[in-house]
Amino acid sequence: MRASLLTPVLASLLALPAIAQDAPAVEPAPAGQEATPGQPAQPERKAQEDQSDGDPGQEERMDRDADQTDADPATDEPTADAAGSAADPDPDPASTVPLEEISRFVLVFNAVRAGYVDKVEDRELMQAAIRGLLLDLDPHSAYLQRSDAEAFEEGATGAYEGIGVEVMQLPDGRMRVVSPMDDSPAQRAGIRSGDVIIAVDGVELTPASHEGRGPLRGPPGTEVAVTIAREGEAEPLELRVARAVIRTPSVRGSMREPGFGYVRIAGFQADTASDFAAAVDGLQAKAGGDGLRGLLVDLRSNPGGLLTSAVQIADDLLESGGIVSTRGRIQVGDTAFSATPGDRMRGRPVVVLVDAGSASASEVLAGALRDNDRACIVGSRSFGKGSVQTVMPLDNGDAVKLTTARYFTPNGTSIQARGIEPDLVLDVKGATVAGFGEITLPGHLDAEGEEGSRAGQVLDGDQPVVQAMAALRRLADGGDCVPPPVAQ
């Protein structure tokens, strides 16, 4: 799957490589640690986001129609000389440098540099200025420092270099092990849940130890000495662990009940589409006979990720029809993705479970399946993040994440600030209520149409799955996804 045509356009304007993104902005946890106590456990990697070439085998099944022009954006843009005059006698105002505003910036920059109470390095001032340049655009455009940019790349590939352990940072800098990942170097070395890591390579951990990539990260094949305190042991234990490339799977499948499959998608990474295909095929084989009678796809609290992966999964469940289109200010970057023949579920019923945490690529998948009458959407109103981000790496390792387009479902409906309203809204006791969605974010892009009238709920636990499975059974028995009204 090729990246959006918008990517090279923006890259040519900045003379830098760029990576298309689509997940919502996420505040990354410090590398090599968990969130603070009381927050959800995280692996020894940072938060996630987006873009890859996808699976080549899947790519052959994808059709994309793109509006293109014959113009070369790298050469058709008027260029300004040192004095600020354009080469074109009638320049486009948007392509010329605003010298008056630049002059005002320099005046303020010099005033801060000369008169601020404490000395501030020029580099720090300039980085602050760049962050400010992006800050007021929308909640998802941002300046990413090197460590955050690296976390984005890890989120896209679903892999990172470390020992494979989920940890929680304690106030004094030590790390409590939440759990070692299955078949990881940490598990093989004997690290257990509840262990407290007190030193790495003989150096006691402090809060400063977690700056940058963190103390457990490093090139695959290298060893790290981990000193742990374990309940019941009089003395600390020192274990040597060989680092490796740790893969964090985004797809999990199971046979929920005879004839009915369940696939949980936690995020859209480079391998998510191929993992989804393998999971569905495995469940079909396990069901025996004519295969599955129905499939439940769980997208709750899925923040998005690679658009290409979401498109490929939609294509796996569709025989034809549109999947998603993107429209931005630069028309050459507008795209439309369409499905090709080949439904892995052979037309059998599909139910998609969403909630207020389902965002971006999750909403693309849900919208594509609903607009094509391929799936019943169950749960709560989704997040409503209907914008595309492009990440452009800078020469110093930092990156710029810029909102460049909006998503539209096959029916031409914008997801932005509206979200996906389920066909069947679940009433779940104890669900997290309201105040969670794109419309609650200051400075969010306006919706094209009416914004979501209310925020959705975060549907945790097994109860939503039980209710969604009941809807799937009704569909498989020839009924409707929505239960009939109860006679009074």
Side-chain angles (χ1 to χ4, degrees), residues 22-26 138-140 264-268 296-305 307 310 313-314 323-324 350-388 406-472 475 480-483:
D22 89 310
V26 178
D138 68 274
H140 308 295
R264 163 70 179 158
I265 304 177
F268 293 93
L296 172 59
V297 180
D298 187 350
L299 298 178
R300 290 176 299 166
S301 297
N302 180 326
L307 173 63
I313 291 172
I323 295 177
V324 68
V350 176
V351 167
V352 177
L353 179 58
V354 299
D355 69 358
S358 305
S360 202
S362 299
E363 297 170 291
V364 167
L365 176 56
L369 296 179
R370 183 172 67 181
D371 282 8
N372 284 284
D373 295 322
R374 182 63 188 92
C376 176
I377 311 302
V378 172
S380 182
R381 182 189 293 273
S382 62
F383 188 83
K385 195 240 173 216
S387 60
V388 184
R406 285 181 170 88
Y407 289 127
F408 293 84
T409 70
N411 288 349
T413 303
S414 171
I415 299 170
Q416 176 60 26
R418 301 176 65 171
I420 301 292
E421 180 69 23
D423 303 302
L424 173 60
V425 177
L426 299 183
D427 182 17
V428 178
K429 294 180 180 179
T432 303
V433 183
F436 189 67
E438 179 82 4
I439 59 173
T440 68
L441 300 180
H444 68 267
L445 294 179
D446 292 336
E448 295 203 357
E450 184 179 355
E451 292 193 348
S453 58
R454 57 186 174 82
Q457 297 176 311
V458 176
L459 307 177
D460 294 323
D462 197 55
Q463 185 183 354
V465 177
V466 171
Q467 292 177 307
M469 286 299 299
L472 183 59
L475 286 172
D480 192 79
C481 173
V482 181

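Predicted, not measured: the structure shown is a model, and the values here were computed from it.
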Checklist entry - Just one of L426, V425, L459 clears the side chain to side chain contact (heavy atoms under 4.5 Å, CB included) bar with S380, so which one? => result L459
Next on the checklist: Is any side-chain heavy atom of Q467 closer than 4.5 Å to one of L424?
Outcome noted: no
Next on the checklist: Can you give me the closest heavy-atom contact between P464 and R300, atom names plus distance?
Outcome noted: CG-NH1, 3.7 Å
Checklist entry - From I415 CD1 over to R406 CZ, what is the distance, rounded to the nearest 0.5 angstrom? => result 12.0 Å
Checklist entry - What do the steps show when you test V378 against C481 for side-chain contact (heavy atoms from CB on, under 4.5 Å), and what is the final call? => result CA-CA 9 Å; V378 172; C481 173; 3.8 Å; yes
Checklist entry - Which atom names give the shortest non-hydrogen contact between G456 and A356, and what distance separates them? => result C-CB, 3.6 Å
Checklist entry - Got a sec, which pairs hit salt bridge (Lys or Arg N to Asp or Glu O under 4.0 Å) with one end in residues 462-472, sequence neighbours left out? => result R256-D462
Checklist outcome for this item: d(L441 CG, H140 NE2) to nearest 0.5 Å is 5.5 Å
Checklist entry - Of the non-hydrogen atoms in P422 and R381, which two are nearest, and what is the gap between them? => result CD-N, 3.7 Å
Checklist entry - Would V352 and L365 satisfy side-chain contact (heavy atoms from CB on, under 4.5 Å), going step by step from the backbone distance to the final call? => result CA-CA 9 Å; V352 177; L365 176 56; 5.8 Å; no
Item to check | Intermediate values then yes/no, side-chain contact (heavy atoms from CB on, under 4.5 Å), L307 and V388 | outcome: CA-CA 9 Å; L307 173 63; V388 184; 5.5 Å; no
Checklist entry - N372: what forms a side chain to side chain donor-acceptor pair (under 3.5 Å) with it, not counting sequence neighbours? => result none
Next on the checklist: Would the distance check show the side chain of S358 and the main-chain N or O of S382 forming a donor-acceptor pair, the cut-off being under 3.5 Å?
Outcome noted: no
Item to check | CG on D138 to NZ on K385, rounded to 0.5 Å | outcome: 8.5 Å
Next on the checklist: Checking the side chain of E363 only, and the main-chain atoms of G384 only, is there a donor and an acceptor separated by less than 3.5 Å?
Outcome noted: yes
Item to check | With sequence neighbours excluded, residues passing side chain to side chain contact (heavy atoms under 4.5 Å, CB included) with N411 | outcome: D371, T409, T413
Next on the checklist: Restricting to non-hydrogen atoms, name the atom on H444 and the atom on P139 that form the minimum distance, rounded to 0.1 Å.
Outcome noted: CA-CD, 3.6 Å
Next on the checklist: How close do A314 and A368 get, counting heavy atoms only, and between which atoms?
Outcome noted: CB-CB, 4.3 Å
Next on the checklist: What's the separation between atom SG in C376 and atom CG in L472, rounded to the nearest 0.5 Å?
Outcome noted: 9.5 Å
Checklist outcome for this item: Across all chains, not counting sequence neighbours, the salt bridge (charged side-chain N to carboxylate O under 4.0 Å, His left out) partners of D427 are none
Next on the checklist: Could you work out, with side chain to side chain contact (heavy atoms under 4.5 Å, CB included) as the rule, every residue matching R370, not counting sequence neighbours?
Outcome noted: I377, I420, D423
Item to check | Residue pair F383, N302: steps toward the side-chain contact (heavy atoms from CB on, under 4.5 Å) verdict | outcome: CA-CA 10 Å; F383 188 83; N302 180 326; over 6 Å; no
Item to check | Atom of L353, atom of G379 and distance for their closest heavy-atom approach | outcome: CD1-CA, 4.0 Å
